[in-house]
Amino acid sequence: MRRFRIRPLVCATLFTVAAAAPAFAGHPYDGQWNVTVVTKNGSCEPSTSSTLTISGGRVSAPGAAVSGTIGREGLVRVSINGAYANGQLNGNSGSGKWNGASAGVPCSGRWEASRQ
């Protein structure tokens, strides 16, 4: 059975940064973030953590095909490999929900992030 990899998502979700943003960055959430993803329902990995990057409000992670943005107000909307995450960043932390599938079986949970 193939397991859905959440790590690139938030760890690439949610929660997403490849390099530290320069001091002159124009987006309030630019920088590196530690993201922890926890599965509450389904057969995806029980939990995983990763460091993600936000640059110019766009989310990225090394080696992951991440698509998503962080609004200036901290609204998180990210997708990766068919999984989706949304939530809210506020200052140096944030949280939200995610959903995806493992071997075609739905799974979902929560994520938490903190700026490094």
Side-chain angles (χ1 to χ4, degrees):
M1 175 186 272
R2 184 174 174 180
R3 297 181 79 80
F4 178 77
R5 299 292 301 193
I6 296 301
R7 183 174 187 154
L9 165 66
V10 181
C11 298
T13 125
L14 186 184
F15 251 171
T16 68
V17 191
F24 60 85
H27 195 279
Y29 297 100
D30 282 359
Q32 291 189 350
W33 290 77
N34 289 321
V35 179
T36 300
V37 178
V38 178
T39 298
K40 296 292 187 181
N41 299 300
S43 59
C44 293
E45 292 181 45
S47 72
T48 186
S49 296
S50 184
T51 299
L52 306 174
T53 300
I54 300 172
S55 180
R58 296 213 176 267
V59 176
S60 64
V66 178
S67 171
T69 60
I70 310 299
R72 294 194 73 74
E73 307 79 28
L75 181 64
V76 174
R77 291 187 179 172
V78 176
S79 67
I80 182 169
N81 298 335
Y84 300 91
N86 60 57
Q88 184 73 41
L89 298 180
N90 187 5
N92 292 320
S93 63
S95 63
K97 297 180 180 182
W98 68 269
N99 61 69
S102 176
V105 177
C107 49
S108 61
R110 296 204 37 87
W111 60 265
E112 293 184 4
S114 61
R115 193 185 325 236
Q116 290 185 339

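All of these numbers come straight from a predicted model, not from anything done at the bench.
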Whether H27 side chain and I54 backbone form a donor-acceptor pair below 3.5 Å: no

Under 3.5 Å, is there a donor-acceptor pair between the side chain of N86 and the main chain of R77?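 No: the side chain of N86 does not pair with the backbone of R77.
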
How far does OH of Y84 sit from OG of S108, to the nearest 0.5 angstrom? 15.0 Å

Got a second to check how far S47's OG is from K40's NZ, nearest 0.5 Å?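 The distance works out to 10.0 Å.
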
Over all atoms of both residues, closest heavy-atom pair of [X] and [Y]:
| X | Y | value |
| --- | --- | --- |
| G42 | C107 | CA-CB, 3.7 Å |
| C44 | S102 | SG-CB, 3.8 Å |
| A113 | L89 | CB-CD2, 4.4 Å |
| W98 | V37 | NE1-CG1, 3.3 Å |
| R115 | N92 | NE-OD1, 2.7 Å |
| N90 | Y29 | CA-OH, 3.9 Å |

I want to check something: taking the side chain as every heavy atom from C-beta on, are [X] and [Y] in contact at a cut-off of under 4.5 Å?
| X | Y | answer |
| --- | --- | --- |
| S95 | R110 | yes |
| V76 | Q88 | no |
| R72 | P28 | yes |
| T39 | P46 | no |

May I ask you to check whether T36 and S49 show a side-chain donor-acceptor distance below 3.5 Å? yes

Carefully, step by step, assess S60 and V66 under the rule side chain to side chain contact (heavy atoms under 4.5 Å, CB included). CA-CA 6 Å; S60 64; V66 178; 5.6 Å; no

